[in-house]
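Position 1 is the first residue of the sequence; numbering continues from there.
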Amino acid sequence: MDLSPTHSDLAEIEAEWPQIAAERDLVDAECRLLADPADALAKRAHRRAVSALLHLMVQQLNHDAGKTAPVYLLTNFGPADPVEAA
């Protein structure tokens, strides 16, 4: 029994890679914020990562118009620092 991925499996992974990378960048930015919530560069990196992920999601929604929505939609887009909301 061959357990190696097929060409179609590899093509699906390649197609999902921008989403995977954007989510990884968001997790990295969230970790930086947890390490130092007052770090201005970490806040900027978090905003940039959220923006990039939202951009990819909009592209996917536009591409899939008429199809079902993707299941990986994020649920919390609030500011990284609650003080910024005030």
Side-chain angles (χ1 to χ4, degrees):
M1 185 160 106
D2 187 18
L3 298 178
S4 61
T6 65
H7 290 293
S8 64
D9 292 336
L10 294 174
E12 288 179 26
I13 293 169
E14 185 70 25
E16 292 176 3
W17 189 252
Q19 178 75 25
I20 294 167
E23 289 174 350
R24 182 200 59 218
D25 292 344
L26 180 59
V27 170
D28 287 345
E30 288 171 344
C31 290
R32 288 178 61 189
L33 278 175
L34 286 172
D36 185 6
D39 183 7
L41 291 176
K43 290 178 185 179
R44 185 185 311 168
H46 184 263
R47 284 192 304 268
R48 210 176 303 130
V50 169
S51 177
L53 189 54
L54 285 173
H55 178 74
L56 280 173
M57 291 168 55
V58 167
Q59 282 183 327
Q60 184 66 35
L61 286 172
N62 287 338
H63 181 264
D64 291 345
K67 299 178 186 176
T68 58
V71 296
Y72 52 78
L73 294 175
L74 297 178
T75 57
N76 183 6
F77 298 114
D81 186 359
V83 176
E84 287 183 351

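Remark: Q59 engages H55 in a side-chain hydrogen bond (donor to acceptor under 3.5 Å, both in side chains) (not counting sequence neighbours). Residues forming a side-chain hydrogen bond (donor to acceptor under 3.5 Å, both in side chains) with D9 (at least two apart in sequence, or on another chain): T6.
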Which atom pairs, donor and acceptor, lie under 3.5 Å between side-chain atoms of residues 34-41 and protein residues at least two apart or in another chain?
{"unit_1": "D36", "atom_1": "OD1", "unit_2": "A38", "atom_2": "N", "d": "3.4"}
{"unit_1": "D39", "atom_1": "OD1", "unit_2": "L41", "atom_2": "N", "d": "3.1"}

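Rounding to the nearest 0.5 Å places CZ of R32 at 10.0 Å from CZ of R44. Here CD of Q19 is found 7.0 Å from CE of M57. Values are rounded to the nearest 0.5 Å. Taking CG of L56 as the reference point, atom CG of L61 lies at 11.0 Å (rounded to 0.5 Å).
Enclosure of atom CZ in R24 by more than 12 non-hydrogen atoms of other residues, nucleotides or ligands within 6.0 angstrom is indicated.
Residues A22 and L53 come closest through the heavy atom pair CB-CD1, 3.7 Å. A pairwise comparison of heavy atoms in A29 and A49 identifies CB-CB, 4.3 Å as the closest pair.
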